Amino acid sequence: AIFSKMAIAARVALALLAVLGLVQATGALPNFVVFVVDDMGYGDLGCYGRKNVSSPNIDRLANEGIRFTQWISAAPICTPSRAGLLTGRLPHRFGMTANNLPWRVMVTPDQPGGFPDEEHTIAEMLKQKGYATGMSGKWHLGISNKTTPWAHLPLAHGFDSYLGIPFTNMQYCRGPLTRENKEFCMVMANHTIVQQPTIYDNLTDTLTGHAIDFITQQARSNKQFFFYMSFVHVHSPLFTSPRFTNVSQGGRFGDNVEEMDWSVGEVINTLDQLGIANNTLVFFLSDNGPYAEEGWDSCGRTGGLKGSKGQTYEGGIRVPGIARWPGTIPAQIVQDSLVGSLDVFPTILAAAGIEAPKDRIIDGQNILPLLKNPKTTPSPHEYMWHYCGYNVTAARHGNLKFHFATQIWTSDARPTPKCIQCCPYGATAFNGTGGTLCDCNPKDLRVHDPPLIFDMSNDPTESVPLTPQTLPNFDQEVANIRLKLFEHYGTMTPAVDQMHTLPVAGLQLCCNGRWPFATCQCNIYQRGHAFP
């Protein structure tokens, strides 16, 4: 009887610990956390070589897992990159890309275009296994269509809980109250506008709190979860809370990185405190390279890579990429294998035991075997295609990178340009900043026939093109990549253009009425309150 009582007591104790999220069931499905930083360059973190910016929490994440040196974004600019990350598919396959500004991203909150219903996100797929799904931060994949309010927002694409900015960070959002400030800048909790215009002084705190609350609730309910933490940092205009202002040796941009790093630390510490770190696969990455056209003081660094945001040179698409899963992924690994953001979708599905959709092409690859055995498992990518708008302008095959076309830098024509290897002073203002990006129209590109070829193992800065004299099988490599490109284009089918959609007056967002009859000003968010 004594032993029976002890066994019962032990079971009760274990049950209580499970409720508190302090033990993990053997063979339990893993949790997933994906951190995405906005416009952070390859060289912006301590673990990637930045000397004047402190990032101890992300550095710890890298030390406890795998830090990739060739992590490639799904696209060189925000909207298509995020669409690709969530689906594992090249965004051109479903109409989420364009050749020129302003249409290369979602332009206004009242555009009817956006993320198509037919696409499957990581969140939608995981819900098949009963996962809870949450998100904090920047969405930028559309809001409403002409017939259905909130048709493109996270809750319509598999997320149970959302708090963040449905559009993006803009210059309009900083400064005196104006029509533009209210029209473009707001915070939504699920389908409720809780703040208009956005208050930036505590935005990172607020978004981090939502992440911690969501994760804690699921862990204490012993429920598996997926959380997508999509930072507003380090996209310009730069902002920080008062406690992270003027603290970094890297100036205002460094302040942004350090506040973002603090947020990552808060979430990681929560996983540790809840006892679920060993059952949680964490990815950390940037959506694309730094926005050089904003100027040296307001943008990140590429770590010496050529080009920047909007371009298919490495500076636009090679970004920090880290994975941690204690006990499953080995620690202290620096990995040179070619992987990327498109791989997150199939890898998470594989880890959750979910079969990838068979009715569509998934461009990403399952890198779970590589994560578990990085020293013996090669990259699953035989070829990787880099799109600038509608066309492949560059490609990878093993260590070789091919440029079929490169963007013409308008900065080169100025004696003292705002940035280098970039395209400032363009005719189309971008994101309310007055800045521009290098576009992808034929007039913006320099075509290379034969393609430029670089050896990325020895020349990651793409400085010295290979020639028939330095690459013995040059002609064979050119013929092969042309054939593979032809075959790749053959897999593309026409898609509805989601980007070239004009704003619709009736879709303007207003928290307390309709434009232009209401003030469209509010601040009603309360942490822990369930908003519809």
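Note that the coordinates shown come from a computational prediction; the quantities given were computed from them, not determined experimentally.
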Please determine whether a side-chain nitrogen of the Lys or Arg among D297 and R252 lies less than 4.0 Å from a carboxylate oxygen of the Asp or Glu.
no
Go through the steps for H157 and F159 under the test ring-ring contact (aromatic ring centres under 6.0 Å, His included), then give the verdict. CA-CA 6 Å; H157 295 287; F159 289 93; 8.8 Å; no
For residues 184-205, the salt bridge (charged side-chain N to carboxylate O under 4.0 Å, His left out) pairs (sequence neighbours left out) are D205-R243
One should read off an interatomic distance between T178 OG1 and Y172 OH, to the nearest 0.5 angstrom, of 8.5 Å
| message | Can a side-chain donor-acceptor contact be found between S73 and R318 if the only test is distance below 3.5 angstrom? | response | no
Should we say atom NZ of K146 is surrounded by more than 12 heavy atoms from elsewhere, each under 6.0 Å from it?
no
* Could you check if a side-chain atom of T108 sits within less than 4.5 angstrom of a side-chain atom of F184, using non-hydrogen atoms only? => yes
In this structure, CG of D255 is separated from CE of M260 (nearest 0.5 Å) by 12.5 Å
E183 and Q508: side-chain hydrogen bond (donor to acceptor under 3.5 Å, both in side chains), yes or no, with the steps?
CA-CA 7 Å; E183 184 177 357; Q508 290 175 318; 3.2 Å; yes
Return yes when atom CD of E487 has more than 12 non-hydrogen atoms of other residues, nucleotides or ligands closer than 6.0 Å, and no otherwise. yes
Checking I122, L281, V339, V36 against V344 for side chain to side chain contact (heavy atoms under 4.5 Å, CB included), the one that qualifies is I122
query: Any chance the side chains of S136 and H210 put a donor and an acceptor closer than 3.5 Å?
result: yes
Report task. For the pair H403 and Y313, evaluate ring-ring contact (aromatic ring centres under 6.0 Å, His included) and give the outcome as yes or no after the intermediate values. Result -> CA-CA 8 Å; H403 282 280; Y313 277 118; 4.8 Å; yes
Taking the two cysteines C185 and C173, do their sulfur (SG) atoms come closer than 2.5 angstrom to each other?
yes
Please assess K138 against T168 for the test side-chain hydrogen bond (donor to acceptor under 3.5 Å, both in side chains), listing each intermediate value before the final yes or no.
CA-CA 6 Å; K138 171 177 168 175; T168 188; 2.9 Å; yes
Here the pair of heavy atoms bringing M188 nearest to H191 is CE-C, 3.6 Å
- Query: Are side-chain N/O atoms of T393 and T312 paired as donor and acceptor at under 3.5 Å?
  - Reply: yes
Kindly list each side-chain donor-acceptor pair under 3.5 angstrom involving residues 513-526, sequence neighbours excluded, with atom names and distances?
residue : atom : partner : partner atom : Å
W515    : NE1  : L509    : O            : 2.7
T519    : OG1  : N512    : ND2          : 2.7
N523    : OD1  : Q195    : NE2          : 3.1

### Message
Could you tell me if H448 and T406 have a donor-acceptor pair between their side chains, going purely by distance under 3.5 Å?
### Response
yes
**Prompt:** Looking at the rings of Y42 and Y48, which for Trp means the six-membered one, are their centres under 6.0 Å apart?
**Reply:** yes
(message) Using a strict threshold of under 4.0 Å (side-chain N to carboxylate O), is an ion pair present between D38 and R82?
(response) yes
| said: Whether E293 and K418 form a salt bridge (side-chain N of Lys/Arg under 4.0 Å from carboxylate O of Asp/Glu) is what I want to check. | reply: no
Sorted by chain and number, sequence neighbours left out, salt bridge (Lys or Arg N to Asp or Glu O under 4.0 Å) with D213 holds for R527
What about the rings of F226 and F32, do their centers lie closer together than 6.0 Å?
no
* To do: Establish, yes or no, whether a centroid distance under 6.0 Å links the rings of F115 and H152.
  => no
May I ask you to check whether S236 and E294 show a side-chain donor-acceptor distance below 3.5 Å?
yes
Open item on the list: Testing the 3.5 Å rule here: is there a donor-acceptor pair between the side chains of N145 and T147?
Closed with: yes
Q. Would you say the side chain of E314 lies within less than 4.5 Å of the side chain of I72, judging by non-hydrogen atoms?
A. yes
Sorted by chain and residue number, the ring-ring contact (aromatic ring centres under 6.0 Å, His included) partners of H381 (sequence neighbours excluded) come out as none
Does the side chain of D343 come within less than 4.5 Å of N366's, by heavy atoms? no
Residues passing the side chain to side chain donor-acceptor pair (under 3.5 Å) test with Y383, sequence neighbours excluded, are N480
Check your understanding: Do you see a donor-acceptor pair shorter than 3.5 Å between the side chains of Y131 and N31?
Key -> no
Value for CD (E124) from CD (Q128), rounded to nearest 0.5 Å, stands at 9.0 Å
Looking only at the side chains, is there a donor atom on one of T87 and E119 sitting less than 3.5 Å from an acceptor on the other? no
Indicate, with yes or no, if the rings of F227 and F214 have centres closer together than 6.0 Å.
yes
CG (D287) and OG (S230) are apart, to the nearest 0.5 Å, by 7.5 Å
Going by heavy atoms in the side chains, are P166 and M186 under 4.5 Å from each other?
yes
Note to self: Under a 3.5 Å cutoff, is there a donor and acceptor pairing between the side chains of T240 and T245?
What the structure shows: yes
Scanning both residues in full, the closest heavy-atom pair of L90 with F94 reads O-CE2, 3.6 Å
Looking only at heavy atoms, the pair that brings N190 and S161 closest together is OD1-CA, 3.5 Å
Open item on the list: Is a donor from one side chain sitting under 3.5 angstrom from an acceptor on the other, for W71 and S341?
Closed with: yes
Note, E259 side chain near S241 side chain (heavy atom, < 4.5 Å):
yes
Worksheet item: Is it true that D363 and R89 have a side-chain N and a carboxylate O under 4.0 angstrom from each other?
Response: no
Between P197 and L177, the two heavy atoms sitting closest are CG-CD1, 3.7 Å
In short, D44 meets G300 closest at the heavy-atom pair OD2-CA, 3.2 Å
**Note, I58 side chain near F284 side chain (heavy atom, < 4.5 Å)** = yes
Output for pair (W150 CH2, T192 OG1), nearest 0.5 Å, gives 8.5 Å
| message | Is there a side-chain hydrogen bond (donor to acceptor under 3.5 Å, both in side chains) between N99 and D439? Walk through the geometry before answering. | response | CA-CA 6 Å; N99 270 358; D439 279 333; over 6 Å; no
| task | Answer yes or no: is there a side-chain heavy-atom contact under 4.5 Å between Y228 and T133? | result | no
Item to complete: Answer yes or no: is there a side-chain heavy-atom contact under 4.5 Å between F244 and W262?
Response: yes
Check: Are the ring centres of F253 and H233 closer than 6.0 Å?
Finding: no
task: Indicate, with yes or no, whether the SG-to-SG separation of C438 and C423 is under 2.5 Å.
output: yes
Heavy-atom closest pair (R360 atom, E118 atom, distance to 0.1 Å) is NH1-O, 2.8 Å
- prompt: Relative to each other, are the rings of Y489 and Y387 parallel, tilted or perpendicular (30° and 60° limits)?
  reply: perpendicular
With sequence neighbours left out, the residues meeting side chain to side chain donor-acceptor pair (under 3.5 Å) with K127 are D160
Query raised in the report: Under the 6.0 Å and 45° cation-pi test, does R301 pair with W296?
Result: yes
